[in-house]
There are 2 protein chains.
Amino acid sequence: MSTPKTDARTRLLDAGMQLLRERGYDATRVEDLCSAAGVTKGAFFHHFASKADYGVAAAQHWTNITAPMFAAADYHAAPTPLARIFAYLDLRRAMIAGAPAQFSCVAGTMAQEVFETQPAIRDACGVSIAGHAATLEADFAAAIAEHGLGDVVEAADLALHTQVVLQGGYVVAKALDDTAAVVASIDHLRRYLMLLFKQEEKLQ
Amino acid sequence: MSTPKTDARTRLLDAGMQLLRERGYDATRVEDLCSAAGVTKGAFFHHFASKADYGVAAAQHWTNITAPMFAAADYHAAPTPLARIFAYLDLRRAMIAGAPAQFSCVAGTMAQEVFETQPAIRDACGVSIAGHAATLEADFAAAIAEHGLGDVVEAADLALHTQVVLQGGYVVAKALDDTAAVVASIDHLRRYLMLLFKQEEKLQ
DNA sequence: TCAAACATACCAACCAGTCGGTATCGAGTC
DNA sequence: GACTCGATACCGACTGGTTGGTATGTTTGA
């Protein structure tokens with residue numbers, strides 16, 4: 001890193017997105033983050049009061065990175081709410097490639113580990129996951145209204161359920177060392193929504 | 001612990017079931033396990049070559065505890081394969097109570113954290129999760145055959161999908177500090193299976 | 001010239017793992 | 001049935017490397 005493009009704080013947070021997903025919060029040492037970012041420990045503690053403080057910032061950084069990416073993604077261009085939801089699932093499915101550290105979720109990984117020991121980090125992870133789920137809510141609400149499913153399911157529940165399937169897929173993919181688990185579960189989720197919204201004709 | 005009922009090894013493993021789910025693998029210190037089990041570090045390293053060795057044993061112990069419990073559970077008494085599956089989901093739903101450390105999964109929690117740093121532990125966790133999923137496979141296979149869905153879904157995939165939903169529910173419940181997330185997702189999974197196996201009459 | 005942004009050296013606490021020791025018990029021996 | 005012997009179970013003080021965090025500079029930019 002001869003010529004740092006960005007400031008140390010951003011580089012530390014960027015480096016964390018990879019390391020935290022690989023090793024989790026506890027096993028990621030402050031010095032690991034520093035060397036990956038090409039800075040020293042002095043810089044780390046200049047920008048973050050503690051490792052826990054960094055954890056909170058990392059969860060927020062994860063949101064700051066992913067939110068604009070999803071907001072700018074193609075799937076919003078689909079013509080109907082339901083089409084947008086299926087296009088979203090197609091995107092999430094296509095994102096499953098390489099190692100789990102590449103496609104899994106920083107917030108989910110950290111939350112699972114520190115939910116009891118680091119409430120501040122857990123809350124930041126919760127905000128990240130809930131916030132992303134919320135971006136799906138309007139399309140689900142419109143699809144539910146369109147199909148008269150108002151007293152069968154709730155938009156917020158369905159939106160969160162998509163995240164549950166993704167997070168669970170990551171866990172199982174890691175445990176079985178096989179990405180097929182996530183992909184298969186996304187397909188099951190897709191089939192559920194197909195059936196629920198009575199799109200049988202699209203089921204192969 | 002004036003009169004230890006069981007040997008130190010078992011007490012250490014039993015203590016880990018709680019601590020590992022609360023704090024994860026890394027944040028659970030060997031001395032935490034020892035004091036929770038009422039033994040000393042000498043006893044720990046007498047029975048386990050290393051902390052990682054303990055992690056592998058803990059994943060196996062988790063299987064040893066849960067497998068007989070599920071094998072002996074009521075839901076196997078239901079009359080049809082599909083009824084048994086729904087009864088299984090009822091049981092899993094009823095098990096969601098108290099703190100995540102009470103109802104979540106030792107294997108899923110550990111695997112998420114150490115999948116890259118401790119392959120032996122990850123594999124043991126994978127065996128535990130896959131083994132439990134396998135216990136559902138026969139009923140799914142029978143239900144699929146009965147309903148002529150042989151070229152729509154596969155039993156193994158469906159069985160694993162139930163575990164994906166549960167594991168994901170635990171992650172989201174921890175992140176949002178709200179058990180409602182798991183329960184709602186189990187209900188979505190139940191509705192999926194209802195729709196898939198064309199049990200619409202049972203949908204409220 | 002002042003403050004923010006880094007760097008370097010250092011420390012105290014922690015923690016996995018070690019090592020010498022003791023307690024207990026069953027099998028053999030006479 | 002006392003006595004040794006060996007093996008297993010367990011104890012607890014100690015250690016050496018690690019790690020989060022600090023104290024004290026130095027550089028840079030406005």
Side-chain angles (χ1 to χ4, degrees), chain A residues 1-16 18-20 22-59 61 109-110 113-114 116-122 124, chain B residues 1-16 18-20 22-59 61 109-110 113-114 116-122 124:
Chain A
M1 310 286 172
S2 51
T3 49
K5 306 283 180 185
T6 54
D7 62 345
R9 187 187 144 91
T10 306
R11 300 222 309 288
L12 281 165
L13 289 170
D14 283 340
Q18 176 73 15
L19 290 177
L20 288 172
E22 271 175 17
R23 311 178 201 177
Y25 173 78
D26 258 280
T28 300
R29 311 296 166 201
V30 170
E31 297 204 19
D32 295 339
L33 293 162
C34 291
S35 63
V39 300
T40 60
K41 233 184 324 184
F44 183 96
F45 285 100
H46 172 72
H47 289 289
F48 306 102
S50 65
K51 191 187 175 187
D53 184 45
Y54 173 86
V56 173
H61 189 64
T109 305
M110 273 206 292
E113 189 181 345
V114 304
E116 189 129 347
T117 49
Q118 305 276 358
I121 298 179
R122 177 203 61 202
Chain B
M1 312 286 171
S2 49
T3 49
K5 306 284 180 187
T6 55
D7 62 345
R9 186 187 143 91
T10 306
R11 299 219 311 285
L12 281 164
L13 290 170
D14 283 340
Q18 175 73 14
L19 289 177
L20 289 171
E22 270 174 17
R23 311 178 200 177
Y25 173 79
D26 258 281
T28 300
R29 312 298 165 195
V30 170
E31 298 203 18
D32 295 339
L33 292 163
C34 292
S35 62
V39 300
T40 61
K41 240 201 279 205
F44 184 97
F45 286 100
H46 173 71
H47 289 289
F48 306 102
S50 64
K51 190 188 174 184
D53 184 45
Y54 173 87
V56 172
H61 189 64
T109 305
M110 273 206 292
E113 189 180 345
V114 304
E116 188 128 350
T117 49
Q118 305 277 358
I121 299 180
R122 177 203 61 201

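Remember, predicted model here, so these are calculated numbers, not experimental data. A note on names: the letters A, B, ... follow the listed sequences, proteins ahead of strands, and every chain is numbered from 1.
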Enquirer: Let me know the distance between OH of Y54(A) and P of dT19(D), rounded to the nearest Å.
Expert: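 Computing the Y54(A):OH to dT19(D):P distance gives 16 Å.
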Enquirer: Output the rounded distance in Å from CG (D26(B)) to C1' (dT19(D)).
Expert: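 D26(B) atom CG is separated from dT19(D) atom C1' by 13 Å.
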Enquirer: Nearest to the side chain of V30(B), which nucleotide is it out of dC10(D), dA16(C), dG20(D)?
Expert: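 The answer is dA16(C), which lies nearest to the side chain.
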Enquirer: Reckon H47(B) has a side-chain N or O less than 4.0 Å from the OP1 or OP2 of dA9(D)?
Expert: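 No, outside the criterion.
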Enquirer: Below 4.0 angstrom from OP1 or OP2 of dC6(C), is there any side-chain N or O of H46(A)?
Expert: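 No, outside the criterion.
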Enquirer: Taking atom C1' of dA4(C) as reference, at what distance in whole Å does atom CZ of R9(A) sit?
Expert: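 For the pair R9(A) CZ and dA4(C) C1', the rounded distance is 14 Å.
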Enquirer: Please report the distance, rounded to the nearest Å, between CD in E31(B) and P in dT18(C).
Expert: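 Roughly 15 Å, once rounded to whole Å.
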Enquirer: Distance alone, cut at 3.5 Å: any donor-acceptor contact between the side chains of D7(B) and H47(B)?
Expert: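 H47(B) and D7(B) do not have a side-chain donor-acceptor pair below 3.5 Å.
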Enquirer: What string of B, S and - do you get for nucleotides 22-30 of chain D, 5' to 3', when a contact is any protein heavy atom under 4.0 Å?
Expert: B--------
Enquirer: Which atoms form the tightest heavy-atom contact between L12(A) and L33(A), and what is the distance?
Expert: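 It is CD2-O, 3.6 Å.
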Enquirer: Rounded to the nearest 0.5 Å, what separates atom CD in E113(B) from atom CG in D26(B)?
Expert: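 Rounded to the nearest 0.5 Å, the CD-CG separation comes out at 5.0 Å.
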Enquirer: What integer distance in Å separates R23(A):CZ from dT19(D):P?
Expert: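 Those two atoms, CZ and P, are 10 Å apart.
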Enquirer: Once you round it to whole Å, what is the distance between P of dT18(D) and NZ of K51(B)?
Expert: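 Rounding to the nearest Å, NZ of K51(B) and P of dT18(D) are 16 Å apart.
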Enquirer: Can you figure out which of dA7(C), dA16(C), dC11(D) approaches the side chain of T40(A) most closely?
Expert: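 Within the option list, the nearest is dA7(C).
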Enquirer: Of the nucleotides dC11(D), dG20(D), dG17(C), which one has an atom closest to the side chain of V39(B)?
Expert: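 The nucleotide sitting nearest to the side chain is dC11(D).
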Enquirer: Can you classify the ring geometry of Y54(B) versus F44(B) as parallel (below 30°), tilted (30 to 60°) or perpendicular (above 60°)?
Expert: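 Tilted: the ring planes of Y54(B) and F44(B) meet at 30° to 60°.
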Enquirer: Does V39(A) reach the side chain of C34(A), with side-chain heavy atoms less than 4.5 Å apart?
Expert: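 Of all side-chain heavy-atom pairs linking C34(A) with V39(A), at least one is under 4.5 Å.
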Enquirer: Tell me the interatomic distance from I121(A), atom CD1, to dG20(D), atom C1', rounded to whole angstroms.
Expert: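 Nearest whole value for this atom pair: 13 Å.
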Enquirer: Rounded to the Å, how far apart are Y25(B) OH and dC15(C) P?
Expert: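 After rounding, the gap between these two atoms is 14 Å.
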Enquirer: Are E116(A) and R23(B) close enough, and set up right, to give a side-chain contact (heavy atoms from CB on, under 4.5 Å), and what steps lead you there?
Expert: CA-CA 7 Å; E116(A) 189 129 347; R23(B) 311 178 200 177; 6.0 Å; no
Enquirer: If you draw the axis of the six-membered ring of F45(A), does the NZ or CZ of K51(A) fall within 45° of it and under 6.0 Å from the ring centre?
Expert: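 No, a cation-pi geometry is absent between K51(A) and F45(A).
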